[in-house]
2 protein chains.
Amino acid sequence: MKIGFIGLGIMGAPMAGHLLAGGHEVVSSIHKTSAAKELLDAGLTVVDNAKAVAAAAEIIIVMVPDTPQVEAVLFGANGVAEGLSAGKLVIDMSSISPIETKVFAEQIKAKGCGYLDAPVSGGEVGAKAASLTIMVGGGQADFDRATPVFELMGKNITLVGDNGVGQTTKVANQIVVALTIEAVGEALVFASKAGADPAKVRQALMGGLAQSRILEVHGERMIKRTFNPGFRIELHQKDLNLALQGAKALGVSLPNTANTQELFNSCAAHGDQVLDHSGMVTALERMANHKVAKD
Amino acid sequence: MKIGFIGLGIMGAPMAGHLLAGGHEVVSSIHKTSAAKELLDAGLTVVDNAKAVAAAAEIIIVMVPDTPQVEAVLFGANGVAEGLSAGKLVIDMSSISPIETKVFAEQIKAKGCGYLDAPVSGGEVGAKAASLTIMVGGGQADFDRATPVFELMGKNITLVGDNGVGQTTKVANQIVVALTIEAVGEALVFASKAGADPAKVRQALMGGLAQSRILEVHGERMIKRTFNPGFRIELHQKDLNLALQGAKALGVSLPNTANTQELFNSCAAHGDQVLDHSGMVTALERMANHKVAKD
């Protein structure tokens with residue numbers, strides 16, 4: 001199948017690589033990335049712009065940083081919308097606003113095309129290993145059509161609802177992940193300052209109700225001070241911003257999400273926005289006047 | 001072995017029952033509890049007061065609600081301390097202040113006795129099933145002596161450090177549990193108000209980094225509105241109070257623990273302190289002006 005792929009960054013490059021390895025013809029507009037040469041060697045076709053990508057491909061995947069970039073790629077000059085014809089399928093795998101997603105989907109579907117929002121979880125590691133969690137919003141038929149393509153890039157592929165619900169689920173995921181990291185951070189800082197060995201505390205907690213993937217993975221990172229990303233604080237700030245903006249629009253109050261965003265902001269205030277999100281514990285340590293050791 | 005057991009409440013009664021079933025002679029002072037008759041039928045010996053319990057038993061277990069009750073049982077008139085002689089072992093399985101625990105341990109050890117703080121996690125279900133997580137603070141020799149007794153009541157039995165560290169670990173556990181419940185609550189309220197099916201969102205999140213025992217167990221409770229305890233909000237309020245008091249004494253700041261305690265307080269303001277702690281989601285729903293359906 002001819003698949004368009006717009007956004008060959010840290011996530012997009014390995015994802016596009018899996019599509020090429022899976023025997024698909026992949027078309028992209030030029031994108032400056034260290035992975036570009038490798039992809040060209042693997043057979044990547046390069047065209048002039050997003051419009052040309054959409055004209056050439058049957059399924060067009062978008063993987064860019066945030067809502068404004070998706071809007072520009074889809075509806076800007078020489079954008080995807082200009083190159084579409086009826087029957088094509090646009091899949092936005094970026095993590096962006098659920099509310100704007102519904103608008104984008106309506107505009108694409110008005111052209112007789114399908115639209116899926118399909119943000120992912122799992123980060124660079126998951127993108128490289130083709131083990132991404134993919135949370136999909138859209139219609140069943142479009143989902144069925146895209147499934148063989150998703151299966152080349154991820155596992156745990158779920159159709160959670162209509163357009164926008166994929167993005168909503170990703171936001172919910174990022175709320176849980178950030179707040180669980182924060183919870184583990186508070187517990188380990190408290191335990192350390194009380195004189196306990198945080199490694200033993202983590203071990204004792206793993207056996208009970210406090211068990212989580214975050215306690216396992218990020219708890220260990222906090223203890224071993226391995227704050228190289230992983231998933232950067234500045235990206236999680238973007239995601240919590242989607243949560244807080246969405247909450248305002250929807251009439252929801254997210255008190256601990258707001259608090260936790262402020263802890264990320266405190267990390268950024270110390271130049272630590274490039275650390276892994278488990279580095280959030282350093283903000284709690286500073287608040288506690290605890291010695292802050294960084295990796 | 002002759003084991004004293006003070007505090008035959010919802011937790012203590014089944015725990016003492018396991019000791020009797022394990023072939024031990026269990027001695028207690030009279031305690032009004034619905035389980036008392038059953039325990040008497042199983043061979044429970046009843047003496048006049050805590051002093052008499054301590055005089056009769058080799059190991060004395062205390063399982064009462066909070067710090068002041070432990071202090072009264074140990075050091076009040078006709079308390080455990082008056083009945084002790086050198087070589088006995090006092091085990092406090094209540095969940096109380098880590099700071100006061102160190103003081104209590106010193107006083108008991110000054111009498112030539114051993115002291116372990118050994119709070120548990122797992123609630124009434126874990127107490128009945130003998131599957132409690134037991135977090136122990138104290139010396140290795142005392143821990144080894146108590147281990148066969150612990151094994152009749154729990155699994156995941158960990159010596160985490162010196163006296164006080166068992167209680168510190170329990171507080172850390174309760175921080176993580178409360179804040180993870182809150183995280184799942186924020187995510188599910190956000191997703192619901194955005195028009196997603198929270199059951200599908202929970203399912204999608206279970207496969208990735210957001211996975212936790214809380215998402216599994218308490219997330220399902222929130223969705224199914226099964227708020228019968230389980231573990232009551234008023235008990236978790238007590239535990240977070242230990243965290244916040246401890247944080248103040250230790251020079252630690254716990255911003256999300258403080259926020260989360262306020263959500264529990266909001267539940268209590270609506271008469272819901274007797275709900276399971278997953279009922280915390282109702283406080284978030286009220287803040288969101290979301291329809292609040294209770295079990």
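All heavy atoms count here, side chains included; hydrogens, waters and symmetry mates do not. First the proteins, then the strands, lettered A, B, ... as listed; each starts at 1.
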Segment of B/I99 engaging chain A (4.5 angstrom heavy-atom cut-off):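 Contact with chain A involves no heavy atom of B/I99 at all.
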Chain A contact via B/S212 - which portion, at a heavy-atom distance below 4.5 Å: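 For B/S212, backbone and side chain are both near chain A.
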Partners passing salt bridge (Lys or Arg N to Asp or Glu O under 4.0 Å) against A/D276 (at least two apart in sequence or in another chain):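 Per chain and number, A/D276 pairs via salt bridge (Lys or Arg N to Asp or Glu O under 4.0 Å) with A/R221.
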Is the count of non-hydrogen atoms from other residues, nucleotides or ligands lying under 6.0 Å from A/Q203 atom CD greater than 12?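 Counting other residues, nucleotides and ligands, CD of A/Q203 stays at 12 neighbours or fewer.
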Other residues, nucleotides and ligands only: do more than 12 of their heavy atoms fall within 6.0 Å of CD on B/E234?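 Enclosed: over 12 neighbouring heavy atoms sit under 6.0 Å from CD of B/E234.
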With a 4.5 Å cut-off on side-chain heavy atoms, are B/M287 and B/L263 touching?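 The answer is yes; the side chains approach within 4.5 Å.
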Do the side chains of B/R286 and B/H270 get nearer than 4.5 Å, heavy atoms only?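 B/H270 vs B/R286: side chains touch.
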Distance check, rounded to the nearest 0.5 Å: B/T260 atom OG1 versus B/Q174 atom CD?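 These two atoms lie 12.5 Å from each other.
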Exactly one of B/V160, B/T169, B/L116 should register a side chain to side chain contact (heavy atoms under 4.5 Å, CB included) with B/V136. Which one does?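 Answer after filtering B/V160, B/T169, B/L116: B/L116.
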So which residue, [options], ends up with the most heavy-atom pairs under 4.5 Å with chain A?
| options | result |
| --- | --- |
| B/I134, B/L159, B/T168 | B/T168 |
| B/E262, B/E186, B/M135 | B/E186 |
| B/D197, B/V177, B/V184, B/N173 | B/N173 |

List the atom of [X], the atom of [Y], and the distance in Å for their closest heavy-atom pair.
| X | Y | answer |
| --- | --- | --- |
| B/N163 | B/K102 | O-CG, 3.5 Å |
| B/A127 | B/M15 | CB-CG, 4.2 Å |
| B/M222 | B/I181 | CE-O, 3.4 Å |

Pick from [options] with the largest number of heavy-atom pairs that fall under 4.5 Å of chain B:
| options | value |
| --- | --- |
| A/G185, A/G195, A/A194, A/G123 | A/A194 |
| A/D162, A/V171, A/L188 | A/V171 |
| A/L132, A/V217, A/T158, A/I175 | A/I175 |
| A/N156, A/L215, A/I157 | A/N156 |

Evaluate side chain to side chain donor-acceptor pair (under 3.5 Å) for A/K155 paired with A/S131, printing each intermediate quantity in order. CA-CA 5 Å; A/K155 294 168 183 169; A/S131 65; 5.7 Å; no
What is the ring orientation for B/F143 with B/F150, classed by angle as parallel under 30°, tilted 30 to 60°, or perpendicular over 60°?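 Tilted.
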For B/F264, give me all partners under ring-ring contact (aromatic ring centres under 6.0 Å, His included), at least two apart in sequence or on another chain.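 Counting only residues at least two positions away or on another chain, B/F264 forms a ring-ring contact (aromatic ring centres under 6.0 Å, His included) with B/H236.
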Only heavy atoms, only distances under 4.5 angstrom. Which residues in residues 248-258 of chain A are near chain B?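 The list, in residue order, reads A/L250, A/G251, A/V252, A/S253, A/L254, A/P255, A/N256, A/T257.
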Residues 238-246 of chain A: residues contacting chain B (heavy atom under 4.5 Å, by number):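 Within residues 238-246 of chain A, near chain B: A/A243, A/G246.
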Do the charged groups of B/E216 and A/R213 touch, with an N to O distance under 4.0 Å?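 Judged by the 4.0 Å cut-off on N to carboxylate O distance, B/E216 and A/R213 do not form a salt bridge.
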